[in-house]
Amino acid sequence: MKKDIIIIGAGPAGLTAGLYAARAKMNTVIFERFMAGGQIASTMEISNYPGAPEGISGPEFGMRIREQAEAFGAKIMDVEVLRVDFSGELKKVYTSEGEFEAPVVIIAGGTQPRAMGAVGEDKFKGRGISYCATCDAAFFEGLHVYVIGGGDTAVEEAGFISNFARKVTIVHRRDELRAAKSIQEKAFNNPKIDFIWDSVVDEVRGNQRIESFILRNLKTGERREITPEEGDLMFGLFVLVGFVPESKLYEGQVEMIDGYIPTDETMMTNVPGVFAAGDIRVKRVRQVVTATSDGAIAAIEAEKYLEGKK
Ligand SMILES: Cc1cc2nc3c(=O)[nH]c(=O)nc-3n(C[C@H](O)[C@H](O)[C@H](O)COP(=O)(O)OP(=O)(O)OC[C@H]3O[C@@H](n4cnc5c(N)ncnc54)[C@H](O)[C@@H]3O)c2cc1C
């Protein structure tokens, strides 16, 4: 089936691109394999998106941009993109519902936070376990927070979290951090931060909220249960062990750097007519506000690209 524009992924970037493209009267389709909203649908509150001072839940935010995009005429299909072929003038996209083609494609497949792999982790995602310090640190004001990871992001973000938390414990699987020396020094000099070495989280336990987790020492094999300190009802667990771009599909089709897709200022990849927007791009700040911004730019520039072809 032929479209003016195909957008892969209905996270904040893809939905915003769809909204702009459909509003510009392009015949627009967005493919999404899970649910509209993308990663943000996994958090119960977004409190840093401009214009929503009272905060908004992730699922509601996703639903609202979806409605807005559909109101302008974008078609959102619940399908998975399985394969792409960007070699011709018309780009081909093979989905679980058949083959589509368009002169322009926007890749907005985002990333997945890398999980720590503990039993019970899925159950508490967005409900005590967070993968985004910028987004969620403020929810743990005055509490004890555990940060899992030892790289630049984990150690740097532990410092950020310490602006809110009473105490931050970094749990790392090795006996020394991987983070840059300057970042490490800051953490070692921060009186609110301490460390548990050579350890991983095996299991997270609880009913409505996290009640405890099991730490395993990789050197001794010892397992111990960590519970909230006296007087606290809960604690926070930040898993900051990296992200994985959803880009396997595009290997050999567009240029990539460590799985992320580089673009120019117009969001165009190295392949004319193929754009990328949001977290899947090579960029420094991965947030909703930068994803929506990328989506808007990609759609506007895609329209200009198509006009130029006429
Ligand atoms: C728990 C959590 C809390 C967060 N809180 C905040 C916050 O408060 N504020 C903030 O600004 N940012 C927050 N973030 C970051 C924010 O969610 C991301 O920056 C943003 O969602 C990126 O948008 P995106 O559209 O680029 O990608 P994504 O949101 O990752 O969306 C990509 C979509 O593409 C779909 N997709 C991928 N491949 C395919 C395929 N082959 N076929 C079909 N569909 C596909 C995926 O299913 C997904 O729905 C949070 C992230 C997490 C994980």
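Every value quoted in this text rests on a predicted model; they were computed, and no experiment measured them. Numbering of ligands and ligand atoms starts at 1, following listing order. In what follows, every heavy atom counts, from backbone to side chain, and hydrogens, waters and symmetry copies are set aside.
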Atoms in ligand 1 flagged as close to G278, the criterion being non-hydrogen separation under 4.0 Å: 26 (O)
V79 contact mode with ligand 1 (heavy-atom cut-off under 4.0 Å): backbone
Ligand 1 versus P12: contacting region, heavy-atom distance under 4.0 Å: both
Any N/O pair F34/ligand 1 closer than 3.5 Å: no
Shortest protein contact, atom 26 (O) of ligand 1 (heavy atom only): D279 N, 2.8 Å
Residue and atom name of the nearest protein heavy atom (relative to atom 40 (C) of ligand 1), distance in Å to one decimal: V81 N, 3.8 Å
Numbered atoms of ligand 1 (with element) below 4.0 Å of T111, judged on heavy atoms: 30 (O)
Atoms in ligand 1 with a heavy atom of L249 nearer than 4.0 Å: 41 (N)
Structural part of A36 in contact with ligand 1, heavy atom criterion under 4.0 angstrom: neither
For atom 48 (C) of ligand 1, closest protein heavy-atom neighbour: E32 OE1, 3.5 Å
Gap separating the CD1 atom of I8 from the CD1 atom of I30, nearest 0.5 angstrom: 11.5 Å
Shortest protein heavy-atom distance from atom 53 (C) of ligand 1, along with the residue and atom involved: Q39 OE1, 3.4 Å
Remaining members of the apolar cluster that contains Y146, side-chain heavy atoms under 4.5 Å: M116, F124, I129, Y131, I148, V171, I196, V201, V204, I210, F213, L215, I226, F235, L237, V239, V241
For atom 13 (C) of ligand 1, closest protein heavy-atom neighbour: C135 SG, 3.0 Å
Distance-only N or O hit between ligand 1 and Y131, under 3.5 Å: no
Backbone or side-chain N or O of D136 under 3.5 Å from ligand 1 N or O: no
Joint hydrophobic cluster, Y20 plus F72, side-chain heavy atoms closer than 4.5 Å: yes
Side-chain (E121) to main-chain (G117) donor-acceptor, under 3.5 angstrom: yes
For A108, the ligand 1 atoms whose distance to one of its heavy atoms is below 4.0 Å: 32 (C), 33 (C), 34 (O)
Donor-acceptor contact below 3.5 Å, side chain N270 vs main chain E255: yes
R33 N/O to ligand 1 N/O under 3.5 Å: yes
Sidechain-backbone polar pair: T95 side chain, G98 backbone, donor-acceptor under 3.5 Å: yes
For R286, the ligand 1 atoms whose distance to one of its heavy atoms is below 4.0 Å: 19 (O)
Sub-4.0 Å heavy-atom approach of I280 to ligand 1: no
G9, any N or O under 3.5 Å of ligand 1 N or O: no
For F31, atoms of ligand 1 separated by under 4.0 Å from a heavy atom: 43 (C), 44 (N)
Pair F140 and F238, ring centroids less than 6.0 Å apart: yes
Sub-4.0 Å heavy-atom approach of S130 to ligand 1: no
Pairwise ring-ring contact (aromatic ring centres under 6.0 Å, His included) hits with a residue in residues 74-110, at least two apart: F31-F100
hydrophobic_cluster_shared for L15 and M26, side chain cutoff 4.5 Å: yes
Under 4.0 Å to a heavy atom of G38 - the qualifying atoms of ligand 1, by number: 29 (O), 31 (O), 48 (C), 49 (O)
F275 and Y305 aromatic ring geometry - parallel, tilted or perpendicular at 30°/60° bounds: perpendicular
side-chain contact (heavy atoms from CB on, under 4.5 Å) evaluation trace for V274 with K91: CA-CA 8 Å; V274 179; K91 319 295 172 208; 4.0 Å; yes
Side-chain donor-acceptor pair present, K283, T290, cut-off under 3.5 Å: yes
Heavy-atom nearest neighbour in the protein, as seen from atom 37 (C) of ligand 1, with distance rounded to 0.1 Å: G109 O, 3.3 Å
Subset of ligand 1 atoms that lie under 4.0 Å from at least one heavy atom of I40: 4 (C), 5 (N), 6 (C), 7 (C), 13 (C), 14 (N), 17 (O), 21 (O), 50 (C)
Least distance between heavy atoms, D279 atom then Q287 atom: OD1-N, 4.1 Å
Side-chain H-bond candidate by donor/acceptor type, T263 with R281, under 3.5 Å: yes
Protein contact to atom 16 (C) of ligand 1 [nearest heavy atom, distance to 0.1 Å]: V288 CG2, 3.9 Å
Geometric class of the F195/W197 ring pair [parallel <30°, tilted 30-60°, perpendicular >60°]: parallel
For atom 27 (O) of ligand 1, closest protein heavy-atom neighbour: G110 CA, 3.4 Å
